[in-house]
Protein chains: 2
Amino acid sequence: MTRHALDAVRKQSLSESAYRQLSDKILRNEYAPGDPLPAERELSEALQVNRGAVREAIKRLQQAGLVAVRHGSKHVVRDYLSEGGLELLPNLLVDKQGRLNGAVVRSIMAMRSSLAPDIAAAAAKKGGKALAEELDALLSQMRADQKDLKALQDHALAFWQKLVARGGNIAFRLAFNSMTKTYTQVWDVLTPVLEKEFRDFDNLGAIAKAVRQGDAGRAREAGLRHVEIGRSALERALRKLDGGDAP
Amino acid sequence: MTRHALDAVRKQSLSESAYRQLSDKILRNEYAPGDPLPAERELSEALQVNRGAVREAIKRLQQAGLVAVRHGSKHVVRDYLSEGGLELLPNLLVDKQGRLNGAVVRSIMAMRSSLAPDIAAAAAKKGGKALAEELDALLSQMRADQKDLKALQDHALAFWQKLVARGGNIAFRLAFNSMTKTYTQVWDVLTPVLEKEFRDFDNLGAIAKAVRQGDAGRAREAGLRHVEIGRSALERALRKLDGGDAP
DNA sequence: TGTGGTCAACTTATCATACCAGTTGGGAAA
DNA sequence: TTTCCCAACTGGTATGATAAGTTGACCACA
């Protein structure tokens with residue numbers, strides 16, 4: 001898995017474009033909660049696509065908690081803050097101009113600090129020697145790849161993927177995936193900012209050791225120390241940018 | 001908001017039925033990661049719906065991380081454990097026969113214990129006196145409604161909704177929504193099981209007080225004590241059932 | 001005044017058919 | 001052996017039509 005490789009070239013489907021435009025308008029409050037969306041036939045004309053594509057987009061908006069759908073009535077915009085799920089996070093991180101939303105970044109880092117310690121603890125309880133071996137092998141690889149920050153970044157993600165996969169907690173796993181989808185949008189931007197975290201072999205090593213010993217408490221502590229390194233680094237970077245919009 | 005009131009009667013759309021059948025097959029591993037899904041035209045015949053409905057369902061599967069879509073190739077099932085997001089959690093909690101999956105319940109309660117303390121802490125930092133007033137009012141209402149466990153349940157949810165809404169953390173907010181969507185499927189089942197938590201006025205009061213004082217540490221501790229009550233209760237209930245499948 | 005019924009206009013839901021755009025694997029040619 | 005071509009298959013899009021549900025206006029009746 002190489003996140004800085006060239007990306008597949010793929011034509012975006014019309015329904016995908018429609019979904020993005022509509023979800024963007026909703027998330028930017030151009031269509032406010034309670035507002036009716038234009039009728040499907042109107043949207044079809046406005047977006048210059050057939051109505052099937054509009055319907056496909058709207059089904060996705062419904063799934064994302066962005067609109068309420070009732071047969072025979074116009075679709076009504078919902079309050080995503082109260083009704084939307086974690087899958088919306090990628091849409092909120094970066095605006096149309098590609099700028100990072102500082103408040104969203106801080107939110108994500110806070111949530112990472114909530115989850116990562118318990119992910120590490122669960123892995124220490126459930127992972128056993130086999131997981132510890134895998135983590136040790138990965139750490140060795142990281143030490144060998146020290147010159148290559150991009151590779152370190154990928155290894156660090158793989159480290160956490162191993163932890164969350166073996167901790168036996170499906171909720172952590174799915175939340176982890178949702179958050180990873182969010183970061184990977186700005187993967188290259190994160191590379192220099194989180195360098196210290198990617199090189200934090202001490203705490204990652206402590207987690208691996210705690211996993212070997214089945215010591216959840218130690219894993220939790222080391223997990224927290226580790227992600228707080230990244231959180232502080234990002235906080236510093238954000239202060240430099242002095243940006244951030246609250247949704 | 002009354003979760004035990006009569007529910008709106010609404011016909012399920014054909015594309016909704018198709019989505020459910022297909023997502024269920026994927027989540028139960030009847031279609032395994034890497035398997036191609038039957039072609040759209042085939043699914044249209046098998047499901048006895050027109051192809052438009054199949055396409056709508058498939059767009060939703062794609063959005064949920066359950067299938068990969070490529071123009072000209074069959075849709076391929078993805079590994080939702082690695083690719084799926086938190087929005088899948090409601091689908092995993094209850095099986096087709098309406099039985100609770102114990103491992104999913106435990107996962108959710110663990111994640112709640114990870115998030116709730118920090119949600120309370122964030123609210124204490126950001127909420128101010130206005131929030132504290134609202135929480136106090138709600139607690140008064142809860143005390144007045146002590147005889148009505150259903151009402152207590154709703155108030156308890158409202159308490160946490162206020163906390164998460166005012167903590168200024170969008171990630172917590174969206175995760176909270178995703179988890180709430182999951183519990184509300186089994187809302188009535190939870191009523192007797194979580195009774196002690198709904199009556200935990202002491203810790204809820206301590207959170208409200210911490211909010212008034214801007215004391216994040218106290219809020220965090222009280223928040224953790226509070227949700228651990230529910231977690232223990234559910235653990236006891238699960239042991240009685242002696243059930244649970246791991247996904 | 002409040003309630004129930006009817007109706008037209010609007011909206012979503014579904015369907016069928018046709019054509020376009022991309023993928024894949026087999027066979028032929030170099 | 002490699003490259004190219006092509007048919008069959010697949011998803012993507014479009015169009016036009018009909019069915020099912022919603023809403024508000026209007027009317028009748030108690």
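Chain letters run A, B, ... following the sequence lines, proteins first and then strands; every chain starts at 1. As a basis for the values below, the full set of heavy atoms in this structure was taken, side chains included, without hydrogen atoms, waters or symmetry mates.
- Residues in residues 27-37 of chain B take part in these side-chain hydrogen bond (donor to acceptor under 3.5 Å, both in side chains) pairs, two or more places apart or across chains: D24(B)-R28(B), K25(B)-E30(B).
- Not one side-chain nitrogen or oxygen of H71(A) sits closer than 4.0 Å to the OP1 or OP2 atom of dT22(D).
- Backbone-only engagement by A39(A) is indicated by non-hydrogen atom pairs under 4.0 Å involving sugar-phosphate atoms exclusively.
- Closest contact between the side chain of S13(B) and the listed nucleotides dA13(C), dA14(D), dG11(D) involves dA13(C).
- Checking Q12(B) against S17(B) by side-chain atom types alone, a donor-acceptor pair falls below 3.5 Å.
- The CD-P distance, from E56(B) to dA13(C), rounds to 8 Å in whole Å.
- A donor-acceptor distance shorter than 3.5 angstrom exists from the side chain of S13(A) to the backbone of E16(A), with no hydrogens or angles considered.
- Judged by closest nucleotide on DNA chain D, E42(B) is the one of K11(B) and E42(B) placed further toward the 5' end.
- Under the 3.5 Å distance criterion, with hydrogens and angles disregarded, a donor-acceptor pair is assigned to the side chains of S82(B) and D79(B).
- We find that CD of E45(A) is positioned 13 Å from P of dA14(D), with the value rounded to whole Å.
- Checking dT14(C), dA13(C), dG12(D) against the side-chain heavy atoms of R51(B) singles out dG12(D) as nearest.
- For E87(A) against S178(B), the heavy-atom pair with the smallest separation is OE1-OG, 4.3 Å.
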Between N or O atoms, less than 3.5 Å apart, protein on one side and nucleotides 23-25 of chain D on the other: list the pairs.
residue: dT23(D); atom: OP1; partner: S73(A); partner atom: OG; Å: 3.2
residue: dT23(D); atom: OP2; partner: R70(A); partner atom: NH2; Å: 3.4

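- When the P atom of dA13(C) is taken as reference, atom CZ of R55(B) falls 17 Å away, rounded to whole Å.
- Rounded to whole Å, atom P of dA13(C) lies 13 Å from atom CG of L43(A).
- One can place CG of N50(B) at 17 Å from P of dT15(D), the figure rounded to the nearest angstrom.
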Compile the donor-acceptor pairs under 3.5 Å between side chains in residues 63-70 of chain B and protein atoms, sequence neighbours left out, one pair per line.
residue: Q63(B); atom: OE1; partner: R60(A); partner atom: NE; Å: 2.6
residue: Q63(B); atom: OE1; partner: R60(A); partner atom: NH2; Å: 3.3
residue: Q63(B); atom: NE2; partner: R60(A); partner atom: O; Å: 3.2

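- The nearest pair of heavy atoms linking L100(B) to V189(B) is CD1-CG1, 4.4 Å.
- Among the nucleotides dG12(D), dA13(C), dA20(D), the one closest to the side chain of E40(B) is dG12(D).
- Distance, K74(B) NZ to dG12(D) P: 14 Å, rounded to whole Å.
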